Visitor: 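My structure is below; once you've seen it, I'll send some questions.
Remember, predicted model here, so these are calculated numbers, not experimental data. Note on naming: letters A, B, ... go to the chains in the order of the sequence lines (proteins, then strands), and numbering restarts at 1 for each one.
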Protein chains: 2
Amino acid sequence: MTEMSRNSGQEGGQPGRIGIGLELDATHLKILEVLRENGRISVAALAERVGISRANAYTRFEALRADGAIKRFTAEIDHVRAGLGITALIFVTVRQQMWRQFRAQLAQMPEVEYCAITTGQHDAMIQVRVTDVAAVHAMVTDRLANIPAVKATETVFILDEVLRRPYVLPSDRGPARSSRRPPADPAAGSAKSTGPARSAGPSGAAGPAGSAGSTGAEVPLGMMRFVGAAEGRAQLQQDV
Amino acid sequence: MTEMSRNSGQEGGQPGRIGIGLELDATHLKILEVLRENGRISVAALAERVGISRANAYTRFEALRADGAIKRFTAEIDHVRAGLGITALIFVTVRQQMWRQFRAQLAQMPEVEYCAITTGQHDAMIQVRVTDVAAVHAMVTDRLANIPAVKATETVFILDEVLRRPYVLPSDRGPARSSRRPPADPAAGSAKSTGPARSAGPSGAAGPAGSAGSTGAEVPLGMMRFVGAAEGRAQLQQDV
DNA sequence: GTTGAAATTAGTACGAA
DNA sequence: TTCGTACTAATTTCAAC
């Protein structure tokens, strides 16, 4: 039930046409802005905060949900408090003919919180949350490695999560536009920055810590270093 | 009063010791389980679904929030629908004396949805959502590259987000070590409005009564390939 | 798209098991 | 602690403007 798909789950859209089942105006975005920071706000309070009538707020609220612009409401849980103190990223190289199998296996792994298919050196990145480092090891060697679709993995620990915004919205950038200079934030109730100081290894099990290293290569200004796609799947990174 | 005005800071914690202000029992986890899939469920419905009284549910609900186990409630938004069709990961190498500056600059970038400090070749990974590919380029070259703290970057595009779970919980893993077992998701009442906007569907089947689980901790750290700091990324191929 | 009133529900308090 | 109930305040719905 946590599956996602490229088209982001259409409901009101016609086949063959990705996208707009509902034209989102500034008010819609404002609603989303409030809702992403306080998913439990009452519609009445929401209306007041957005500056519209309650009935209007109800209508739009329902429309956003029915349209799929709001996918669901969720509680952000402190995973450390919940007993999952270790977070790791596993970069996976997948045999290109076995994507389906790979995805199917992923669904069987409850410790996986997020998985994205990427360009670059690897094919996918998965984020896992577990109780201890040993569990990461078990996950990688016992489970991932046993999937034929998995050709190679590379694991990295997360030492701290500096920032997590509920969901980025275009309004954060001012008038929804492309790449140009962002004007000042309007009424963007800027996301309260996630508190720092949450280490991934309070139990001392932080694994290979430290990142003293430097790869040396200075960034060549004006030149962005895109990593090419691995083996026959790419096509997203020109336009630079 | 559904405002999130409650302070999410410590309340039950003693000074000098960050840690368990609240012992989470199976009921607490069950509450979290429901809440992460339907953050707008009413406490009454939550109580029914968890199998406790309404008063008890209110008490625990507030305790979880005050304790910080629940950090906040948020709406998951379809970023494509919202106008942000491009997602990218930027791996950043940071000059080690300038972390503070780096973090400060991050807060100024609204397109950043997530940032984690990692072990491995790079020091941080940031996830950005923008309208188009050019915006990624602008972001990396105009903004990131201008931060003195940033020594180098590496960018990768996300082609598809295969799965995102609201938040992983220990109960997902069941009591014992995991094998291959589907989590048996008891479909959340996230469907369309079935009555009041905050309802979650009455008395769904109780979820899997998983208890606090621990993954087998006696796995010897062996052949897993942890990426150390600053080691070159030369070797990529390795069958685990 | 807005306001106002009715019906329902949510949140709180308190005694009992 | 947890439950059950009664009471008060708030929310949602539905009407008319």
Visitor: With sequence neighbours left out, what residues match B:Gln127 under side-chain hydrogen bond (donor to acceptor under 3.5 Å, both in side chains)?
Guide: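 Applying side-chain hydrogen bond (donor to acceptor under 3.5 Å, both in side chains) to B:Gln127 gives A:Tyr114.
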Visitor: Just the rounded figure in Å: distance from C1' of C:dC14 to OH of B:Tyr58.
Guide: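 Answer to the nearest Å: 16 Å.
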Visitor: Identify, with sequence neighbours excluded, every residue that meets side-chain hydrogen bond (donor to acceptor under 3.5 Å, both in side chains) alongside A:Asn146.
Guide: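 Scan of A:Asn146 (side-chain hydrogen bond (donor to acceptor under 3.5 Å, both in side chains), adjacent residues dropped) gives none.
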Visitor: So how far off straight is the helix from C:dG1-D:dC17 to C:dA17-D:dT1, going by the axes through five pairs at either end, to 10°?
Guide: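 What I find for the helix from C:dG1-D:dC17 to C:dA17-D:dT1 is an axis angle of 30°.
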Visitor: Without decimals, in angstroms, what is the distance between A:Phe61 CZ and D:dT13 C1'?
Guide: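 My rounded result for the distance is 15 Å.
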Visitor: Return the value, rounded to whole Å, for the distance between atom CD1 of A:Ile41 and atom C1' of C:dA10.
Guide: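 So the two atoms are 16 Å apart, to the nearest Å.
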Visitor: Between A:Thr87 and A:Leu159, is there a side-chain heavy-atom distance shorter than 4.5 Å?
Guide: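 Side chain of A:Leu159 against side chain of A:Thr87, heavy atoms only: no contact under 4.5 Å found.
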Visitor: What is the distance from CG of A:Leu46 to P of D:dT12, rounded to the nearest Å?
Guide: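 Answer to the nearest Å: 10 Å.
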Visitor: For B:Phe102, check ring pair (Phe, Tyr, Trp, His ring centres under 6.0 Å) against everything at least two apart and list the hits.
Guide: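 B:Trp99.
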Visitor: Taking side-chain contact (heavy atoms from CB on, under 4.5 Å) as the test, write out the residues that go with A:Ala44, two or more places apart.
Guide: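 side-chain contact (heavy atoms from CB on, under 4.5 Å) check on A:Ala44 returns A:Ser42, A:Arg54.
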Visitor: Between D:dT12, D:dT2, C:dA10, which one does the side chain of B:Ser42 approach most closely?
Guide: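 The listed nucleotide nearest to B:Ser42's side chain is C:dA10.
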Visitor: Would you confirm whether A:Arg40, through its side chain, and B:Gly39, through its main-chain N or O, come within 3.5 Å as a donor-acceptor pair?
Guide: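 Judged by distance alone, yes, a pair lies under 3.5 Å.
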Visitor: Whole angstroms only, please: what is the CZ-P distance between A:Arg49 and D:dT11?
Guide: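 So the CZ-P distance, A:Arg49 to D:dT11, works out to 14 Å.
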Visitor: In whole Å, I'd like the distance from the CZ atom of B:Arg60 to the P atom of C:dT12.
Guide: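 From B:Arg60 CZ to C:dT12 P: 17 Å.
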Visitor: Going by heavy atoms in the side chains, are A:Leu64 and A:Leu24 under 4.5 Å from each other?
Guide: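 A:Leu64 reaches A:Leu24 side chain to side chain.
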Visitor: Nearest whole Å is fine: how far is D:dT11 C1' from B:Arg40 CZ?
Guide: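 In whole Å, D:dT11 C1' and B:Arg40 CZ are 11 Å from each other.
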Visitor: Distances for protein N/O vs nucleotides 3-5 of chain D N/O pairs under 3.5 angstrom?
Guide:
| from | atom 1 | to | atom 2 | distance (Å) |
| --- | --- | --- | --- | --- |
| D:dC3 | OP2 | B:Ser53 | N | 3.1 |
| D:dC3 | OP2 | B:Ser53 | OG | 3.0 |
| D:dC3 | OP2 | B:Asn56 | ND2 | 2.9 |

Visitor: Just by modelled atom types, is the B:Ile31 backbone N or O under 3.5 Å from a matching donor or acceptor in the B:Arg60 side chain?
Guide: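 Not at all, since once roles are kept as given, no pair shorter than 3.5 Å links the two residues.
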Visitor: With rounding to the nearest 0.5 angstrom, report the OG1 to CD1 distance, A:Thr74 to B:Ile70.
Guide: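 It is 10.0 Å, given to the nearest 0.5 Å.
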